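Have a look at the structure below, then the notes.
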Amino acid sequence: MRPTAASSVPPHPQAVAELHDLVIDWFDDNARDLPWRRPDAGAWSVMVSEFMLQQTPVSRVLPVHQEWLARWPRPADLAEEPPGEAVRAWGRLGYPRRALRLHAAATAIAQRHGGEVPHEHDALLALPGVGEYTAAAVASFAYGRRHVVLDTNVRRVFARLVSGTAYPPNATTAAERRTAGGLLPADEATAARWAAATMELGALVCSARSPECGRCPVASRCAWRLAGSPAHDGPPRKGQSYAGTDRQVRGRLLAVLRASREPVAQSALDAVWHEPVQRARALDGLVEDGLVEPLAGGTYRLPL
DNA sequence: CACCCGTGGTT
DNA sequence: TAACCAAGGGT
């Protein structure tokens with residue numbers, strides 16, 4: 001067993017209970033009023049929000065989430081539509097494969113789960129587009145179950161609060177899961193509250209760029225602060241390039257297709273990018289992913 | 001495990 | 001302004 005900063009300090013139950021109270025009390029006073037958090041929000045609303053929030057800010061998700069829930073109030077409603085409609089309604093949220101996977105998940109829910117979003121982590125995890133985080137988040141937020149919910153916000157909060165580093169590792173580690181598991185309240189309802197509260201703390205106060213420690217309910221116990229808020233020292237955090245990549249070309253191609261109810265001619269797609277090899281590769285990729293359907297005659301459309 | 005997958009706001 | 005960042009998942 002290799003000693004680590006996180007595991008070498010067994011948390012005292014009393015201190016952990018105080019953390020729970022401080023963060024959850026803060027959450028009671030500061031939680032944003034988000035549609036998928038309201039009492040009348042069902043599991044489907046939570047699940048749609050989780051898909052949309054993958055790598056996408058809340059502010060951009062809000063209007064699209066509202067449209068989706070109004071148009072498709074239940075998973076079966078979405079499943080009845082062609083996948084291309086999900087891609088179209090996804091709009092400019094980005095990563096449109098999420099729309100396809102959410103449609104596929106809705107279809108699986110309609111077919112295999114009687115139209116109800118599953119309660120169990122395992123069943124959720126088996127759905128397309130649902131990974132470890134999303135399965136835990138839906139089970140916890142929608143059904144009040146006890147799970148370690150490790151997203152980028154929670155990982156950053158624990159990195160600072162427990163490990164004393166400015167940022168978590170690039171990839172989620174077993175040590176992080178251990179830390180999070182050790183801090184998870186034993187009581188199911190409290191655990192679910194804790195999951196939402198730590199996530200919100202990371203989003204609103206313990207942010208990546210400029211944490212507002214003056215507003216943090218646990219600043220006095222934060223290992224990072226107590227260490228003098230040292231700068232990030234590890235390997236450089238992965239940057240995302242975009243300009244000139246296939247992703248940019250795919251985005252332009254799909255934007256043209258989303259905008260048209262009719263099949264689009266090859267010439268209209270050719271106009272979005274000057275370089276023919278990359279353009280063809282991007283279009284092939286979209287077809288390969290099922291985001292675009294090629295038709296006889298050299299036209300294209302969103303999938304039916 | 002490294003890399004790919006969109007988009008737009010903030011610093 | 002270029003870089004960074006945003007409730008990840010799949011391969």
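So you know, we letter chains A, B, ... as the sequences are listed, proteins then strands, and number each from 1. Not measured: the values here are computed from a predicted model.
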TODO: Give the intermediate values and the outcome of side chain to side chain contact (heavy atoms under 4.5 Å, CB included) for residues A:Val48 and A:Trp72.
DONE: CA-CA 10 Å; A:Val48 171; A:Trp72 301 305; over 6 Å; no
Open item on the list: Taking A:Asp77 first and then A:Arg71, would you say they form a salt bridge - that is, a charged N and a carboxylate O separated by under 4.0 Å?
Closed with: no
Open item on the list: Return the CZ to CG distance between A:Arg160 and A:Leu226, rounded to the nearest 0.5 Å.
Closed with: 14.0 Å
Task: Touch class at under 4.0 angstrom, heavy-atom based, for A:Val61 against every strand present - done: nothing
Task: Contact state string [nucleotides 4-11 of chain B, B base, S sugar-phosphate only, - no protein heavy atom under 4.0 Å] - done: -BBBSBBS
Open item on the list: Within the supplied structure, the quantity of interest is the number of heavy atoms (other residues, nucleotides, ligands) at a distance under 6.0 Å from A:Glu188 CD; does it exceed 12?
Closed with: yes
- [ ] Between A:Ala203 and A:Pro128, just flag the one whose closest nucleotide in DNA chain C comes earlier from the 5' side.
- [x] A:Ala203
Task: Neighbours of DNA chain C within residues 133-154 of chain A, by heavy-atom distance under 4.0 Å - done: A:Tyr133, A:Thr134, A:Asp151, A:Thr152, A:Asn153
Open item on the list: A side-chain contact here means heavy atoms from C-beta on lying under 4.5 Å apart; do A:Arg112 and A:Leu127 qualify?
Closed with: yes
Side-chain polar contacts of residues 113-120 of chain A - donor-acceptor pairs under 3.5 angstrom, sequence neighbours left out - could you list them?
from, atom 1, to, atom 2, distance (Å)
A:Glu120, OE1, A:Arg145, NH2, 3.4
A:Glu120, OE2, A:Arg145, NH2, 3.1

Open item on the list: What's the gap between C:dA3 and C:dA7 when it is taken at their C1' atoms, as a whole Å value?
Closed with: 22 Å
Open item on the list: With a 4.0 Å cut-off on N to O distance, would you call A:Arg88 and A:Glu81 a salt bridge?
Closed with: no
TODO: Please work out which residues in residues 27-52 of chain A have a non-hydrogen atom less than 4.0 Å from an atom of DNA chain C and list them by number.
DONE: A:Arg32, A:Leu34, A:Trp36, A:Arg37, A:Glu50
Open item on the list: Quick check against the 3.5 Å criterion: does A:Glu293 have a side-chain atom that pairs as donor or acceptor with the backbone of A:Leu304?
Closed with: yes
TODO: Treating Ile, Leu, Val, Met, Phe, Trp and Tyr as nodes and any side-chain heavy-atom pair under 4.5 angstrom as an edge, say whether A:Val16 and A:Met199 lie in one connected cluster.
DONE: yes
- [ ] Using a strict cut-off of less than 4.0 Å between a Lys/Arg side-chain nitrogen and an Asp/Glu carboxylate oxygen, indicate whether A:Arg261 and A:Glu85 qualify as a salt bridge.
- [x] yes
- [ ] Go through DNA chain C in 5' to 3' direction and return only the first and the last nucleotide with some atom under 4.0 Å of chain A's heavy atoms.
- [x] C:dC4 to C:dG10
Task: Separation of the P atoms in C:dT11 and B:dG6, to the nearest angstrom - done: 14 Å
Open item on the list: Run the ring-ring contact (aromatic ring centres under 6.0 Å, His included) test against A:His103 and tell me which residues pass, sequence neighbours left out.
Closed with: none
Task: Parallel, tilted or perpendicular, as decided by the 30° and 60° cut-offs, for the rings of A:Phe158 and A:Trp194 - done: parallel
Open item on the list: Check whether A:Arg98 reaches the backbone of A:Met52 with its side chain - one donor and one acceptor, N or O, closer than 3.5 Å.
Closed with: yes
